[in-house]
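Presented below is the structure to which this report refers.
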Amino acid sequence: MYFLTPIFILRLLWRSRANPAYRQRLAERFGFGTVRGSCIWLHAVSVGETIAARLLVERLLKEFPQHTLLVTTTTPTGSDMVKRLFGERVKHCYLPYDLPDALARLLRRVQPRLLVVMETEIWPNLYAACAQRNIPLLLANARLSERSMRGYARIDKLVWETLANVSLIAARGEQDALHFQQLGAYAEQVVVCGNIKFDWQIPTGLVEQGKQWRQQWGASRPVWVAASTHPGEDKIILRVFARLREVLPELLLIMVPRHPERFDAVARLCAESGLPSVRRSAGSDFSSDTAIIVGDSMGEMLLWYASADVAFIGGSLVAHGGHNPLEAAAFGLPVVSGVHVHNFADIFPPLCEAGGAILVAGEAELYAPLLTWLQDAEVHHQTGVAAQHFFQQNQGALDCLMQSVHRLMKI
């Protein structure tokens, strides 16, 4: 890890060309900082994990008011999301690199009563440092796909030694639990809690605000949101949108790139399409003439879903692994995604089986389901209800996680 550290720094500097925040607060990456005092520590690597942890953070704040809550991330966008969601109610810093001296510096200052790690962040030195200091460690909402398990199996001895330092693994599903045990976790270390992302609730007033936005655009206009798009998908979306507009000339597209550093490039592509486009960040009023809205803002994805009729979930037409479809499903939106959804292999297959989503192999297959949903109100309603019902049926993970937290806090 020490040998690789210069590479990590160079990677940060490289990424800072598009997002200057990557070269800021470097001291925190080595365990230096101003955060001090005994705490409960929760780590969420980036935006998706931070949003997934929101309900858990709220419950921790409510049920352990006597403890400071420290939330760490590894990305600037994750850091921004922590500040946006929780403000001054939590402490925040970047997770240090997995270096013994950097971790020791942080642990001396914060002295956590418990470390909760969201999803699958397996850091050998961090986990060992917690075990050496008798700090209980909960791996929450833990997922481990077949593909990831095969990758970890190449370093099975290190993974086994690392997992031995975990107090409890709260797995999303039975298959995830089995994969952790195949990598060396003991059966008594693992409990199946389900996926905390199902316990998310639509914030009060959000649906009404979505309706207000639609009034600005034209209340009767059909709206398609393309969420969390990646390079290689934007042009496909725009080509399919142009075809759909031939049949549905009032159709509005909301294009939301996954990463802020791509906002400008995607806005240029939309402008070059020849259709009237508006950037959300420009503060301009949307009108009935607007064909494309570029969602170049942070923290408004839920509003885009609340304003839409159908959703495409990106990172899936390219081999990225997909993104979370559950928020769209919670709003009752029919969901279409590409086939590259291995990061959500526990969600997409049952969501598709329930009738709430469709996976397509590429551009040629993307057009048909969107056109059907946008033209046929009955099919649109049935698919949206199926997606929403699937979301509601799988709730309950949060209570299970909190039971685990209370158990570990007594150790």
Side-chain angles (χ1 to χ4, degrees), residues 15 45-49 51-52 75 77 118-121 141-154 172-173 175-176 179 195 197-198 224-241 243-244 253-262 265-266 269 295 301 304-305 308 310-329 333-373 383 386-387 390-391:
R15 298 191 72 176
V45 60
S46 192
V47 172
E49 293 79 7
I51 293 173
T75 68
T77 50
M118 293 298 297
E119 303 197 0
T120 312
E121 289 285 297
N141 215 45
R143 61 175 178 170
L144 192 61
S145 66
E146 182 78 29
R147 177 179 176 180
S148 295
M149 187 187 69
R150 289 197 302 268
Y152 281 123
R154 298 191 186 102
R172 287 187 181 185
Q175 198 63 44
D176 298 288
H179 289 162
N195 191 338
K197 293 180 179 179
F198 285 98
W224 170 25
V225 59
S228 297
T229 64
H230 283 248
E233 294 181 320
D234 310 294
K235 290 183 179 179
I236 293 174
I237 298 297
L238 289 171
R239 286 196 295 266
V240 172
F241 177 60
R243 288 183 61 195
L244 289 169
L253 171 65
I254 303 169
M255 180 83 87
V256 189
R258 177 67 177 181
H259 299 110
E261 54 265 34
R262 298 187 56 246
V266 173
L269 279 177
M301 193 65 250
W304 298 128
Y305 286 141
V310 296
F312 164 79
I313 309 297
S316 58
L317 291 175
V318 295
H320 176 79
H323 289 292
N324 177 21
L326 293 181
E327 290 171 345
L333 299 185
V335 172
V336 62
S337 199
V339 295
H340 301 287
V341 292
H342 51 265
N343 287 340
F344 293 86
D346 60 328
I347 294 178
F348 270 105
L351 177 57
C352 292
E353 187 176 342
I358 292 176
L359 299 183
V360 298
E363 179 177 348
E365 295 182 13
L366 180 59
Y367 173 82
L370 289 168
L371 182 63
T372 299
W373 291 333
T383 309
F390 170 79
F391 176 80

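Quick caveat: nothing in here was measured; it's all calculated off a predicted structure. FYI, side chains are in, hydrogens and waters are out, and symmetry mates aren't considered; it's all heavy atoms of this structure.
- Evaluation of the salt bridge (charged side-chain N to carboxylate O under 4.0 Å, His left out) rule for E353 yields no partner, not counting sequence neighbours.
- The shortest distance between side-chain heavy atoms of L359 and C352 falls below 4.5 Å.
- At a threshold of 4.5 Å between non-hydrogen side-chain atoms, the residues I237 and L366 count as touching.
- From I313, atom CD1 reaches atom CZ of F348 across 6.0 Å, with rounding to the nearest 0.5 Å.
- For the pair G295 and P257, the tightest heavy-atom approach, listed with the atom from each and the gap, is O-CD, 4.1 Å.
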Stepwise side chain to side chain contact (heavy atoms under 4.5 Å, CB included) test for I51 and M301: CA-CA 11 Å; I51 293 173; M301 193 65 250; over 6 Å; no

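- Closest of all the heavy-atom pairs between A354 and A386 is O-CB, 3.4 Å.
- Qualifying side chain to side chain donor-acceptor pair (under 3.5 Å) partners for R239, counting only residues two or more places apart in sequence or in other chains: E363.
- In this structure, the salt bridge (charged side-chain N to carboxylate O under 4.0 Å, His left out) partners of R143, at least two apart in sequence or on a different chain, are E119.
- The side chain to side chain donor-acceptor pair (under 3.5 Å) check on E327 picks up nothing, with sequence neighbours excluded.
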Can you list the steps and then say if V45 with M118 is a side chain to side chain contact (heavy atoms under 4.5 Å, CB included)? CA-CA 8 Å; V45 60; M118 293 298 297; over 6 Å; no

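- Partners of W304 under the ring-ring contact (aromatic ring centres under 6.0 Å, His included) rule, at least two apart in sequence or in another chain, are W213.
- Taking all atoms of both residues into account, the shortest heavy-atom contact from P325 to I347 is CG-CG2, 3.7 Å.
- Here the CG-CZ distance, from L370 to F312, works out to 9.0 Å after rounding to the nearest 0.5 Å.
- Annotation: side chain of V335 is not in contact with side chain of I358 (no heavy-atom distance under 4.5 Å).
- Put simply, the side chain of S316 never gets that close to the backbone of G322: no donor and acceptor are under 3.5 Å apart.
- In this structure, CG in L238 is found 6.5 Å from CG in L253, a value given to the nearest 0.5 Å.
- Not a single side chain to side chain donor-acceptor pair (under 3.5 Å) links T372 to another residue, sequence neighbours left out.
- For the side chain to side chain donor-acceptor pair (under 3.5 Å) test, no residue two or more places apart in sequence or in another chain qualifies with H320.
- Between Y152 and H179 there is no side-chain heavy-atom pair separated by less than 4.5 Å.
- Within the model, atoms CZ of R150 and CG of L144 stand 11.0 Å from one another, a figure rounded to the nearest 0.5 Å.
- When all heavy atoms of S46 and T75 are compared, the closest pair comes out as OG-OG1, 2.8 Å.
- Looking only at side-chain heavy atoms (C-beta outward), Y305 and L333 come within less than 4.5 Å of each other.
- Residues passing the side-chain contact (heavy atoms from CB on, under 4.5 Å) test with T383 are P334, W373, V379, sequence neighbours excluded.
- Scored by the side-chain contact (heavy atoms from CB on, under 4.5 Å) test, P350 finds F390 as partners (sequence neighbours excluded).
- Under the salt bridge (charged side-chain N to carboxylate O under 4.0 Å, His left out) criterion, the residue pairs touching residues 339-352 are R172-D346, with sequence neighbours excluded.
- Donor-acceptor pairing under 3.5 Å is recorded for the side chains of H323 and H230.
- Shortest non-hydrogen contact noted between L326 and F391 is O-CD1, 3.7 Å.
- Qualifying side-chain contact (heavy atoms from CB on, under 4.5 Å) partners for S145, counting only residues two or more places apart in sequence or in other chains: R147, S148.
- Here the closest heavy-atom approach between residue G314 and residue E233 is recorded as CA-OE1, 3.6 Å.
- Using a 30° and 60° split on the angle between ring planes, W224 and F241 fall in the tilted class, from 30° to 60°.
- Residues I254 and V256 form a side-chain contact, since some pair of their non-hydrogen atoms from C-beta on lies under 4.5 Å apart.
- Shown here are the side-chain contact (heavy atoms from CB on, under 4.5 Å) partners of D234, two or more places apart in sequence or in another chain: T229, M255, R262, V266, L269.
- The shortest side-chain heavy-atom distance between V360 and P369 falls under the 4.5 Å cut-off.
- Annotation: side chain of H259 is not in contact with side chain of T77 (no heavy-atom distance under 4.5 Å).
- Once rounded to the nearest 0.5 Å, the distance linking OG1 of T120 with CG of D176 reads 7.5 Å.
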